[in-house]
K.L.:
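The structure is given below, and queries will be raised subsequently.
Reminder, nothing fancy here: chain letters follow the sequence lines and each chain counts from 1.
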Amino acid sequence: MKELATTPLPSQSSLGILKWVPRLEFVAIPIFAVICGFVIFSIFLVLLGKSPTDFFALVYKAGFSTAFSWQNTLSRAAPLLLAALCVALPAKLGLVVIGGEGAIALGAVAAGAIGAYLTNVSGVIALPILFLASAFTGAFWIGLVGFLRIKRGVNETIASLLMAYIAIAISNHLIESVFRDPASLNKPSTASLSEALRVGAMPIGIDVHWGFLAGLIACIVSWILVEKTTLGFSARIAGGNIRAAQVQGLPVAKLIIGFTALGGAIAGIAGFYEVTAVHGSANASVFAGYGYTGILIAFLARHNALAIVPITIMLAGFEASSGLIQRRMDLPDATILVFEGIVFVTILFSETLYGRFRFSKHEYWKAGV
Amino acid sequence: MSDVTDIGLWGVPLAIIGGAIRVSTPFLFVSLGECITERSGRINLGLEGTLIFGAMSGYAIAVNTQSPWLGVLGAAFFGMIFGLFHGWVCKFKGVNDIAIGIALMLLGNGLAFFFGKPYIQPVAPDLPAISFGWWSDIEQVRAALQVNVLFIIGLIIALFLAWGFKSTKIGLTVRVVGDSTDAARAIGLEPNKIRLLSTAAGGALAGIGGAYLSLYYPGSWNEGISSGQGLMAVALVIFARWNPINCFWVALLFGGAGALGPALQSVGISQGYYLFFAAPYVLTLGLLIATSSPNKAMESAPGELSITK
Amino acid sequence: MIKKNVTRRTFLGTSATALGATALATSSLTGFANAADLTVGFIYVGPKDDFGYNQAHAEGAAAVKAMTGVTVIEEENVPETVDVQNTMESMINFDGATLLFPTSFGYFDPHILEIAPKRPDVRFQHAAGLWSADKHPMNVGSYFGYIGMGQYLNGITAGHATKTKKIGFVAAKPIPQVLLNINSFLLGARQVDPEITCQVIFTGEWSLAVKEAEATNALADQGCDVITCHVDGPKVVMETAAGRDAFVCGYHANQGPLAPEKYLTGAEWNWASIYTGMVKTVQDGGSIDNFVRGGLAEDFIKMSPLGPSVSDTARAQFEATKAQIMAGGFAAIKGPLKDNKGNVIASEGQSFVETDIALESMDYLVEGVIGSIG
C-alpha cells in the first residue's frame, strides 16, 4: 500500500536525483502565481496612484523583516494552522467541512469554564486536562457532523455551518450566564485563569505562544497520518470513491467519524490556546473568525497538511502588514483583503498549470539522461 | 403613531410573518442564484462576497444617481461579472470551483470594503415597498405587510425557475450538463459555456440580494451588513434540494425564525436570548436531519457537483 | 509549556535589543514624522465612520491631528485578539508612538495589560477601563464619561414625545454601561410621566445590522414610539425606527442627519476636547491622571442640537435639567427606587450621583424597564 501511495514510476530509480525535479512544479508554480498576483495588485495600486514598491516594502517590513515582524506574523499564524487542519483532514475523505469556528468556540469555552474551577491546581496537571477538554469538545462537535453524515446522510457542509452558528450561540450563552465571572463587568467572560494555567511564549526571543508549535506539530503529524500510514491511505481511497472503498471492505463510517473528530479536536485545541495563551479567559473575542480563514488556507494548500504551514505564514504576514499599510500609505484596512484576494485567486488559478510543463514529466528527464 | 394598538403576544406571530418577509429576500436571491449554478454542476461558494459587493455597489450607484433601481441593476451587473469570472476560471482543468469561490469571497469583501468607505456616511434612497396591509386598521399589521418589490420578484423568479428547469429546453440543458459532463458533450452541448452562463446568472441574483440589504432592509451600507447570509444561503440550497420553490420556503423559514429572538424579547421573554437567536440554525438543522436519509442521500443532487459527490 | 511570568522576563531582555535594532532600521520608510513630534496612535475596533462609537473616537483623533507637533496614526477594524497586541507594538516599534488610545473596551484585559509592562516608556490610554493602582501598571490610564446623563436627557425629550407611554431601547449586551444607559433613559422619561415604561431588546452583538433592524421593528410593533440604542453603529436603528414613524434619540455621535424630522436629541461623546487636552498635557511634559472621568460639565459628553419635533415645554425641561447636571452632584439613580424584580435599589433619601463608581458595576434594570439580564 505504501508503494501505491507515492505512485513511483518503474523507471524512477534510474533517474537518481533528477527524480525530484518534477516535484519542483509544486514550488515553481505557486511562486510564479504569487508573482503574477503581485503584478496584478501592483496595477491596482498604480491605478489608485499609490506606489507598489512602497507597498511591498511595507509588507516585507511589517511581516517578515525584524524580530518583531516575525512575532507579529507567527502569533497570528498559530490559531490558523490548527483551524485549517479542521478543513483539510475531513477533505481527505471528500468532505467539505466549513464549521471549524464552532469547534474553536466550544473548545475555548470548555477550557475557560473548567479552568475557572482549577484555581489551586498546578499547571502540569491542569493544562493537560484543559487541553484534552478542548480537544474532546471540538472532536465531539465536528465528529457529530461526520456521524450525521453516516447515520442520516446529512450533508456535512451545511450541517457544519449551521452547527458553527449554534456553537457560537451556545458559547455566548454559557459565557454570559452560568460561567460568567461576576467581576467581568463590561466584557462578559469566564473567570480569569490563574497564572499557573497560562501558556506563555516559546523561548525563541519573540513573543509567540506555544500554540504555534502545536500547530506545526499538528500539521506534520497530520501529513504523516494521511500520506504515510495505512489509515491515511484508506482515507484517501474512500475520499476518491466511497463506493469503491466500501466494496473493498474499508471501514468508511469509522474513517469519516474519525477524521471529522480529529479535525474538530485540532480546532478545539486552537480554542484552548486562545484561552490559555492569549485571552486568559473565554469570551466573545475568542470567536474572531479563525475557523473561516482556515477554510481558505486549507483549500489553498490543496488540503496538504504540510503546505498549510507556508500558506498560513504568508497569509499571517500579509495580515500583519495591514496596520503599516493603513498608517503609511493612507489606504483603508480593506487593502490587504483585496491584495490577499488577488494573490489567492491567482494561486488557485495556477493549479491548472500542473502537469503542463515538460520538465514536470519523468519521461522528459529520462530522455535527457 | 397615535393609532397604535396594543397587540401584546400577537406581536410574536406577527413579527415572524413580518420578519419572514423582510429578512428572507437576500437568502432567496442568493439561494436561487446558487441553485442555477449548482444545477449546472458547479458550486460557487463565493456568493457571500458577491452579495456584499452587490450591497456596496448598489448603494453607491443609488447614492450617485438617486435611483435605487439603477442601484439594483448595477448590483446585478457587478454580481454577473463576479459570476462570469468564477465560471471562466473554473473551466480550466485542475481548478477547484469551491476553492476559487472562497478566494473570490475574500476578494469581493475586500473590494466592497475598499471602495465602500466613502459610502458609509451618505444616505441612499430606499427601494419602494407595496402595502398589502391596507385592509387592516392595525398599524403593526400594515407595517409587517409592507412587501418589497424585490421579494415579489424573487418569488416570481422561483416559480419561473421551477417551471423552467422542468419544462424548457434551457432548463433541461442546464440539468443535463449538471448531471453528466460526458453525456452533455455526447449530445453536442458545451458544458463550460453553459456553466459560465449559469454562474453568471447566479452571481447577478446574488448581487441583487446584496442590493436589497443596502437599499431596503436594513437599508444602509456598512461593513457588517451581511453577517454571513450569503454563505448560509449557498448552504441552504443543499437543504432545498436544488428546488427553486424549496429555496423560497427555506428563505421564509430562515427569515421568520430569525425574527423570533427579538420578538420574544419584545413581549418580555428574554432569558437565554442567544439561544432564541439560534432558532433559524437549530430549526434548519432539525429539519435537515429529519428529512435526510442515509439510503437516498442526495438523490436529487446534480451528478457533477463536487460538494455532494 | 512555560509559565508566562518566566517568559515575560526573558522577553524583556530580547525586546530591548530588538528595539535598538528597529530604531536603526526604521529610517528607510519613515521620514514623515519630525523627531520632535509626539506620535499618537488611535486603534478602533470597527470602521472609523460608523456613525457611532468608533466615529466618535475618530472625530477626537481628527481634532488631535489638527494640533501642531503631533503625528496621528490610526488603524481601524482591529479585533480584540492578539491582533491588537501586535497593532500596539507595531505602532510603537515602527512609528515611535509614545501615546496610544486603544479605544475598544475589550482591548483592556488582557491586551493592554499584556503590552504595557513591556513598554514602560509608552502611555496607554483606555476608554472605560477600570484602572486601579494596586492591580494595573502605572503607564496605563483609564478615562470615560458619564454618558448615562446624556441618556437621561434623551429620556426627558422622549418622555415629552411619546404618546403611547412606551419607549424602546435596542441594546447590545447586558453590561453595566449599557444597563446604566437603559435605566437613565427611562428615569429621564419618568421625570415627565411616571407611567412611562421602557422596552429593551438585547441583540447580543455590538454590531449586527439585520438583528438591530429586527429588534427595532419588534419594539415598534409593541407600540414603542421613541427609540434609542446602545450598539456600536446606531445608523440602522435610527433609520429603521424613523421608517416606522417613531422618534429617535441618538447615541455615541450625532445621527441627526439620518432622520432630521424624527431626531429629538442625542447623547454624544465629546472626545475632541478630551483628547486634545490629554495630548497637550503630554506635550507640556505633564502626566495624565490614571483615572479620569467627566460629564457634561467637563466636556466629556455633549448633546446633539434639539430636533424640530421637540416641543417648547420639552425644551424647557431639557435645558433646566441640563443646567442642574452641569452644576454637578446630579443623581439619576435615587431613592425610592426598585429594580424590575422588586428589589430595593435605593431607599428614600439615598442617591447615586453621576460620579459614583458603584454605577460602573450596575447589574439591574430599574422598575419600568421591560426586559431581563441574561
K.L.:
So which part of Glu75(C) gets closer than 4.5 Å to some heavy atom of chain A, the side chain, the backbone, both or neither?
P.N.:
both
K.L.:
Can you tell which of Asn186(A), Val124(A), Leu185(A) has the highest number of heavy-atom pairs within less than 4.5 Å of chain C?
P.N.:
Asn186(A)
K.L.:
For chain A, which candidate among Asn77(C), Asp83(C), Asp363(C), Thr87(C) shows the most heavy-atom pairs at distances under 4.5 Å?
P.N.:
Asp83(C)
K.L.:
Side chain, backbone, both or neither: which part of Ala284(A) has a heavy atom under 4.5 Å from chain C?
P.N.:
side chain
K.L.:
Ring-plane angle category for Trp269(C) and Phe144(C), please: parallel below 30°, perpendicular beyond 60°, tilted otherwise.
P.N.:
tilted
K.L.:
So Tyr53(C) and His57(C), would you call those rings parallel, tilted or perpendicular, with 30° and 60° as cut-offs?
P.N.:
perpendicular
K.L.:
Less than 4.5 Å apart, any side-chain heavy atom of Val178(C) and any of Lys173(C)?
P.N.:
no
K.L.:
Given that the side chain runs from C-beta out, which part of Asn72(A) has a heavy atom under 4.5 Å from chain C: side chain, backbone, both or neither?
P.N.:
both
K.L.:
Does any backbone or side-chain atom of Met362(C) lie under 4.5 Å from a heavy atom of chain A? Answer side chain, backbone, both or neither.
P.N.:
neither
K.L.:
Side chains of Thr39(C) and Asp95(C): any donor to acceptor distance under 3.5 Å?
P.N.:
no
K.L.:
So which of Lys48(C), His111(C), Gln177(C), Gln85(C) has the largest heavy-atom pair count under 4.5 angstrom toward chain A?
P.N.:
Gln177(C)
K.L.:
Check Arg198(A) with Glu114(C), please: is the shortest side-chain N to carboxylate O separation under 4.0 Å?
P.N.:
no
K.L.:
Would you say Glu74(C) and Tyr44(C) are linked by a side-chain donor-acceptor pair, where the criterion is simply a distance under 3.5 Å?
P.N.:
yes
K.L.:
Which answer fits Phe287(A), side chain, backbone, both or neither, if we ask what part of it has an atom under 4.5 Å from a heavy atom of chain C?
P.N.:
neither
K.L.:
Would you please classify the geometry between the Phe131(A) ring and the Tyr273(A) ring as parallel, tilted or perpendicular, with 30° and 60° separating the classes?
P.N.:
perpendicular
K.L.:
So which residue, Arg76(A), Glu319(A), Glu274(A), ends up with the most heavy-atom pairs under 4.5 Å with chain C?
P.N.:
Arg76(A)
K.L.:
If I measure from the heavy atoms of chain A, does Glu205(C) come under 4.5 Å with its side chain, its backbone, both, or neither?
P.N.:
side chain
